[in-house]
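Bear in mind that the values here come from a model prediction, so they are computed numbers and not experimental data.
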Amino acid sequence: MTCETATPPLLQVRNLSLRHLSASGPITILQNVSFELGRGEIVGIIGESGAGKSTLGNAVLGLLAPEFQRTSGSIELDGRPIDPMGGDGDAIWGRRISAIFQDHTASLDPLMSVGAQVQETILAIDASVPRQEARARAVALLARVGIPQPERRYGNYPHQFSGGQRQRAVIAIALAGSPDIIIADEPTSALDATVQKQILKLLRTLVDDTGISIVLVTHDMGVVSEITDRVLVMRKGRVVEQDRTAVILDAPANNYTRSLLAAVPRLRLSATAGKGQANGNASISTNVGEGNTMLLVAKSVSKTFVRQGFVWNSSRNKAIFALRDVSIKLPRGTITGIVGESGSGKTTLGRIIAGLDRAPAGSVTIDGTQFDVSKNGRRSGLLSRVQMIFQDPAVSLNPRMSVGETLRESIRFGASLHPKEGPADAATMMDRLGLARSLIDRHPHQLSGGQKQRICIARALLAKPQIIIADEPTSALDVSVQAEIIQLLKDSITTQHMTMVFISHDLAVVQQLCSSLYIFKDGQVEDFGSSDFVFSQSKNPYTRALIDARPSRFTC
């Protein structure tokens with residue numbers, strides 16, 4: 001659906017300019033931004049980190065911090081001016097405009113049941129609603145967003161829901177006040193492809209059935225291609241292009257838009273190799289690692305979890321398998337992918353191989369040396385052989401240490417393992433990874449997301465491990481930065497003669513990087529083989545479901 005010219009827009013932003021008043025002086029964040037949102041329409045706002053897209057969404061929500069200042073322009077809802085600094089109070093926010101944020105875990109109170117949180121929102125918006133009616137509405141909203149057995153799940157807490165169900169609950173809360181507009185800021189970026197597809201379908205259905213309008217803030221072109229009607233492309237606080245989604249995707253007028261589209265990884269399904277076998281839990285295909293010796297062999301690794309805390313029902317204390325009899329092989333000098341939905345066990349296996357988690361059963365052998373996975377990695381020696389690159393670089397970097405201190409610490413660790421080799425050079429490594437040497441005295445909060453991830457890669461390489469476990473290292477990055485990091489990982493593995501496990505739920509990225517892959521489901525290896533064969537010829541139903549969940553626009 002597109003906005004009819006004869007119908008006044010529901011939301012209109014005109015020449016909006018904002019600046020941030022920092023200690024070093026004012027910084028322009030948005031400059032002359034204009035767009036319209038019609039009723040029953042989804043408008044996507046896309047751009048790299050720092051483009052100003054989230055700031056624009058927060059301005060519409062009235063959530064700008066006091067350090068922001070409007071220098072020009074206006075925002076109108078149904079022709080009525082609204083204050084981006086939140087001066088309109090509760091008359092608009094939560095009632096006519098609500099939000100869905102990226103981190104569903106942070107959006108939910110862990111001490112309240114999900115149903116109670118929906119009910120609380122209903123009562124906060126309209127205190128005259130009787131509590132029983134509010135509860136009935138909350139149950140109806142949970143049902144509407146696809147929560148199974150909503151009456152029973154009403155009393156469950158956030159940790160008892162899957163990631164996709166938590167995001168559905170957040171959507172229910174956003175709908176509690178029957179708003180006209182929802183600002184959805186990266187609502188699916190942390191979700192697996194299959195869950196993402198479900199959430200996008202839900203949002204499109206809500207728009208079509210209720211006439212609600214959505215502003216979708218994202219850096220994912222696949223998401224934009226799936227559900228938006230129109231798109232704004234932003235760069236450095238400006239709108240560089242806006243048009244109908246089909247026009248933006250098929251015939252972009254701006255070079256920056258074309259570069260964003262070119263950076264989106266495509267999943268290629270044409271058969272380019274077929275001698276490998278990918279057949280459920282059969283033995284590994286013969287062409288995986290052909291010509292390479294096996295550097296790592298993990299055999300029959302199993303790990304269970306037991307729910308923590310006090311429980312009324314003793315049956316809930318039963319062990320839950322995170323991994324069940326998992327075996328993988330890692331050819332020397334290659335990148336092997338591990339793919340699967342959240343909860344499939346892929347990160348757990350990576351942490352066991354890295355010595356960060358223990359497993360009661362199974363074995364890991366690296367270069368002929370067997371390690372006891374039931375022991376701490378420092379005691380077993382795994383930490384000296386394996387390094388890990390984590391998904392969130394902001395969390396994995398010490399905020400108190402400068403870039404130089406972080407890298408020098410890793411150099412000392414590598415030197416202690418390889419005393420006969422010359423000392424590594426932090427500055428040379430920064431040059432290789434495309435990092436300016438001027439960053440060496442900065443702290444993590446002073447770096448962009450792409451710069452922080454490069455520092456994490458540099459830290460892992462400087463420690464000189466035999467194996468690197470990369471756990472979703474590109475999922476939170478913009479497509480252009482993601483493309484750079486993928487090429488960087490390829491080059492680093494080749495020049496450093498290392499071996500890598502690349503854990504991801506993005507099949508296109510895995511296809512670009514990995515010569516072979518394992519697909520995990522429910523703590524077990526569901527499918528595996530050479531990348532070419534798995535993507536083009538595997539008949540495994542779960543594998544095909546993962547492939548089918550990819551945006552068709554970027555599958556060929």
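Using a 4.5 Å cut-off on side-chain heavy atoms (C-beta onward), L383 and L356 make contact. By the 4.5 Å heavy-atom criterion applied to side chains, D220 and Q196 are counted as neighbours. For the pair I366 and V386, the minimum side-chain heavy-atom distance is below 4.5 Å. Counting heavy atoms from C-beta on, the side chains of F68 and N58 never come closer than 4.5 Å. No side-chain heavy atom of R553 sits less than 4.5 Å from a side-chain heavy atom of M221. No side-chain heavy atom of K236 sits under 4.5 Å from any side-chain heavy atom of Y256. Counting heavy atoms from C-beta outward, M388 and R351 have side chains that approach closer than 4.5 Å.
Considering E186, E48, K53 as possible partners of H219, the one that fulfils the side chain to side chain donor-acceptor pair (under 3.5 Å) test is E186.
Within a 6.0 Å radius of NZ in K490, other residues, nucleotides and ligands contribute more than 12 heavy atoms.
In this structure, Q482 contributes its side chain and T474 its backbone to a donor-acceptor pair below 3.5 Å. A donor-acceptor pair is defined here as one N or O able to donate and one able to accept, closer than 3.5 Å; such a pair exists between the side chain of S531 and the backbone of C514. A donor-acceptor contact shorter than 3.5 Å links the side chain of E241 to the backbone of N254. With hydrogens and angles disregarded, no donor-acceptor distance shorter than 3.5 Å links the side chain of D185 to the backbone of A99. Within the 3.5 Å criterion, the main-chain N or O of P158 finds a donor-acceptor partner in the side chain of R166. Remark: the backbone N or O of E341 is paired with a side-chain donor or acceptor of K346 at under 3.5 angstrom.
A search for ring-ring contact (aromatic ring centres under 6.0 Å, His included) contacts involving H443 returns nothing, not counting sequence neighbours. In terms of the salt bridge (Lys or Arg N to Asp or Glu O under 4.0 Å) criterion, residue partners of R454 (sequence neighbours excluded) are, by chain and number, E484.
Note: F528 and Y518 have parallel aromatic rings, judged against thresholds of 30 and 60 degrees for the angle between ring planes. Between H159 and Y157, the ring-plane angle classifies as parallel under the 30° and 60° cut-offs.
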When you look at D367 and T369, which way does the side chain to side chain donor-acceptor pair (under 3.5 Å) test go after all the steps? CA-CA 6 Å; D367 209 11; T369 302; over 6 Å; no

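Counting only residues at least two apart or in different chains, salt bridge (charged side-chain N to carboxylate O under 4.0 Å, His left out) contacts with residues 427-445 comprise D431-R437.
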